[in-house]
Amino acid sequence: MNKNFKIIICEDEHARRAMIEAMIKSLKNKYPYLADPKQVAFKDILNNCLVHDKPDLLILDLYDNVDDKWYGIDCLEIIKTSGINTKTIIFAGDKQGDMRKRNFKKDYPFVLDDIDKYKEKISGLSEMIEVELINKLPIQYKLKNENDLILQLQISTIGESNLNQILRQIKEEYGIADEVLLERMVSGYSGAILIRFYIDNTAYILKISKDTESLKKEYEDSLKYYPKFPSIFFNYIHSKEYYTNNYNALGILIKLVEDGETIFDYIKKESNTFEDIYRILNRIFMDDYSLKRHYKEQRYGSENWTHIFRKYKGTKYSIIESVINEIRLLINDFGVNYSNMKNLSINQSYERLDKNNKNIDKPLVLCHGDLHSRNILIQGLNPFLIDTGGISYDYWCSDLCRLIVDLFLKGIDNDKKEYYDISQIEKNVKIAELIITRKDVELDGVNDNYINAINWLTNHVDKIYDDLFDIFDFQLCLMKEFMQASTRVGTIPPNKRAIALISAYRCMVFANESIML
């Protein structure tokens, strides 16, 4: 990418030319890669000076007052016929004359805008130039893993220019001169991407999304509801917002807990015994001032189990259907009835689970909203909750179900070839059935730490939620989480997504049986 952004000015009025030059030079404070502008005459452009100078942008007057000629229009023809197609901003006078009534942007696609210099004045030109400067920002980052194709795809989706703009603001604020070293974090279900980097050996998360309204609401909800969680879980470092120039992307920067590790990595460590894992899980969910007490105290309103599937109303279920079509060959042998899954998800109706036969309302509880295993950090023996943008009042077991599904899908066979092996689908579905029915999964000598964590969670769900617990709606919450996990194309391989879909169907079958127990 260009290290220097070159601008050529073609303007015959001396005073106007000086104003444009001064304005461009003033932008250098903000955009140091902007070169000093170069001034040329109409004849230089007509003689193809653009071929040699290769500017990034041409600011072009149209009318020569001395010769009483529309040389600028001749210049446009030269640029077009030469094939250079240099990006051009027309900055000329009266648009009402016969020669100015043309749609230059239509006739010359390389023209970015046609500005009336006497009406819109220098400020309009400055805004246009700044847009182009932002689009040509030098790369502000490096990838820790240059072969991370998923992160490259995420950056492409969010827009490299958007990421560059946000990182530039962060670098200016923290006085960073070098490129920022980025590494991918596993994203939740919000659609935003999560990137980790370090400033002075302190880890930060950048959460960035083009759905600025949703991310803004997440941010505001986090500020509003996070203080309602037990104070022992607080990460007291305030997050901060960063918008792109045209507000088409938003980044939220969060400082991480010093020397913290995710509970996923904590469980994974062979040096941590089962007792260590149980101690941490007890601290999070069962001790004084734990989430058990929080879920008991922070309740609001009431809903019945149909609330679990509220997001699938309308056209949202089409995402699940696309997943089914994509991996149909992996799930065809497991007796999944897709129409029954769809009917339950959209209409909340299936045999004994018909919504008309079960309208017992339960209070909603204040949930983290995205309690997967990488949103719980461990520092020593102290747990912290991060990425709290999804906080809301939700169905009682939403948090725990997300954590169980996350540890099962991403923990079992992690870092082993079996993690991607389609021959492991049947074995994993049998494990899922044990989880769904709250039976202990047998240790296998390979995944023991994850299995022990999952067993602890399924064994304690009735104790954590106490009076709210019912097996059938716990199973339906698991179903929703399995369905949602099946859509995670970028972070879960096809065989695991197949396991998720088959497990979701099994959840429905078991819940249908459980409701009569």
Side-chain angles (χ1 to χ4, degrees), residues 188-191 214 300-328 330-365 367 369-370 390 392-402 404-405 409 429 432-433 435-438 461 465 468-489 497-517:
Y189 299 105
S190 66
S214 295
Y300 177 79
S302 62
E303 293 282 354
N304 59 53
W305 66 264
T306 63
H307 183 83
I308 296 169
F309 299 99
R310 69 195 184 283
K311 73 168 291 181
Y312 292 114
K313 292 180 180 178
T315 61
K316 289 289 183 70
Y317 190 81
S318 62
I319 300 173
I320 304 297
E321 290 180 313
S322 67
V323 173
I324 291 171
N325 290 330
E326 178 193 347
I327 58 177
R328 186 179 293 274
L330 298 180
I331 57 182
N332 271 347
D333 295 335
F334 291 89
V336 178
N337 188 315
Y338 309 119
S339 60
N340 283 345
M341 280 182 64
K342 182 175 183 178
N343 192 37
L344 179 66
S345 301
I346 296 176
N347 301 314
Q348 288 79 60
S349 180
Y350 170 63
E351 296 182 2
R352 296 174 183 173
L353 281 171
D354 191 284
K355 60 184 176 184
N356 296 321
N357 295 331
K358 192 69 178 179
N359 274 326
I360 299 174
D361 286 353
K362 294 183 179 179
L364 300 177
V365 301
C367 296
D370 195 11
S392 65
Y393 287 92
D394 208 342
Y395 206 71
W396 61 272
C397 54
S398 298
D399 277 352
L400 203 68
C401 287
R402 179 157 296 187
I404 291 170
V405 168
L409 290 176
V429 169
E433 289 178 346
I435 293 170
I436 296 163
T437 54
R438 300 183 65 219
V461 61
Y465 293 105
L468 297 179
F469 178 78
D470 264 317
I471 183 64
F472 89 93
D473 47 356
F474 167 67
Q475 291 168 336
L476 290 177
C477 261
L478 284 175
M479 177 185 176
K480 189 264 290 184
E481 291 301 329
F482 275 122
M483 288 171 64
Q484 202 157 328
S486 75
T487 68
R488 307 304 292 166
V489 178
R497 293 165 59 215
I499 292 164
L501 266 181
I502 299 163
S503 300
Y505 178 73
R506 295 286 197 270
C507 286
M508 181 182 74
V509 173
F510 281 117
N512 191 54
E513 296 172 358
S514 299
I515 202 167
M516 298 299 290
L517 295 178

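A quick note: this is a predicted structure, and the numbers were derived from the prediction, not measured.
Ring pair Phe472/Trp305 is perpendicular by interplanar angle, where above 60° counts as perpendicular and below 30° as parallel.
Under the side chain to side chain contact (heavy atoms under 4.5 Å, CB included) criterion, Glu433 pairs with Val429, Arg506, Phe510, sequence neighbours left out. Partners of Ser392 under the side-chain hydrogen bond (donor to acceptor under 3.5 Å, both in side chains) rule, at least two apart in sequence or in another chain, do not exist in this structure. By the side chain to side chain contact (heavy atoms under 4.5 Å, CB included) test, Asn340 is found to be paired with Asn337, Tyr350, Met508, residues two or more places apart in sequence or in another chain being considered. Residues satisfying the ring pair (Phe, Tyr, Trp, His ring centres under 6.0 Å) test with Tyr338, not counting sequence neighbours, are none. For Ser349, the side chain to side chain contact (heavy atoms under 4.5 Å, CB included) partners two or more places apart in sequence, or in a different chain, are Asn343, Asn347, Asp354. Residues passing the salt bridge (Lys or Arg N to Asp or Glu O under 4.0 Å) test with Glu351: none are found, sequence neighbours excluded. The salt bridge (Lys or Arg N to Asp or Glu O under 4.0 Å) test applied to Asp473 returns Lys362, not counting sequence neighbours. The side chain to side chain contact (heavy atoms under 4.5 Å, CB included) check on Ser345 picks up Phe309, Tyr312, Tyr317, Met479, Met483, with sequence neighbours excluded. For Tyr393, the ring pair (Phe, Tyr, Trp, His ring centres under 6.0 Å) partners are Tyr225, Tyr300, not counting sequence neighbours. Glu303 pairs by the side-chain hydrogen bond (donor to acceptor under 3.5 Å, both in side chains) definition with nothing, not counting sequence neighbours. With sequence neighbours excluded, no residue forms a salt bridge (Lys or Arg N to Asp or Glu O under 4.0 Å) with Arg352.
Of the possible polar contacts, none joining the Arg328 side chain to the Asn325 backbone as a donor-acceptor pair under 3.5 Å is found. A donor-acceptor distance shorter than 3.5 angstrom exists from the side chain of Arg402 to the backbone of Gly369, with no hydrogens or angles considered.
Distance check: Ile360 CD1 to Ser302 OG gives 12.5 Å after rounding to the nearest 0.5 Å. Rounding to the nearest 0.5 Å gives a distance of 11.0 Å between OG of Ser503 and CD1 of Ile331. Taken from CG in Leu476 to NE2 in His307, the straight-line distance is 13.5 Å, to the nearest 0.5 Å. In this structure, the separation between SG on Cys367 and OH on Tyr395 is 11.5 Å, given to the nearest 0.5 Å. In this structure, CG on Asn512 lies 12.5 Å from SG on Cys507, to the nearest 0.5 angstrom. Taken from CD in Glu481 to OG in Ser486, the straight-line distance is 11.0 Å, to the nearest 0.5 Å.
Between Leu353 and Gln348, every side-chain heavy-atom pair lies at or beyond the 4.5 Å cut-off. Contact check for Val336 versus Leu501: no side-chain heavy atoms found under the 4.5 Å cut-off. Side-chain atoms of Gln475 and Ser514, non-hydrogen and from C-beta on, do get closer than 4.5 Å to each other. Inter-residue side-chain proximity for Tyr505 and Phe482 is flagged as unmet; no heavy-atom pair is nearer than 4.5 Å. Taking the side chain as every heavy atom from C-beta outward, Pro363 and Leu468 approach each other to under 4.5 Å.
Among all heavy-atom pairs drawn from Ala504 and Met341, the shortest one is CB-CE, 4.1 Å. Taking every heavy atom of both residues into account, Ile436 and Phe474 meet most closely at O-CE2, 4.4 Å. For the pair Cys477 and Cys401, the tightest heavy-atom approach, listed with the atom from each and the gap, is CB-SG, 3.4 Å. Contact detail for Arg488 and Arg497: the closest heavy-atom pair is O-CD, 3.9 Å.
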Quick one: do Leu330 and Ile499 satisfy side-chain contact (heavy atoms from CB on, under 4.5 Å)? Show the steps, please. CA-CA 9 Å; Leu330 298 180; Ile499 292 164; over 6 Å; no
How far apart are the C-alpha atoms of Ile435 and Ile404, what are their side-chain angles, what is the distance that settles it, and do they pass the side-chain contact (heavy atoms from CB on, under 4.5 Å) test? CA-CA 9 Å; Ile435 293 170; Ile404 291 170; 3.6 Å; yes
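Salt bridge present: Asp394 and Arg310 bring a charged side-chain N and a carboxylate O closer than 4.0 Å.
Sorted by first and then second residue, the pairs that involve residues 330-347 and meet salt bridge (charged side-chain N to carboxylate O under 4.0 Å, His left out), not counting sequence neighbours, are Glu321-Lys342.
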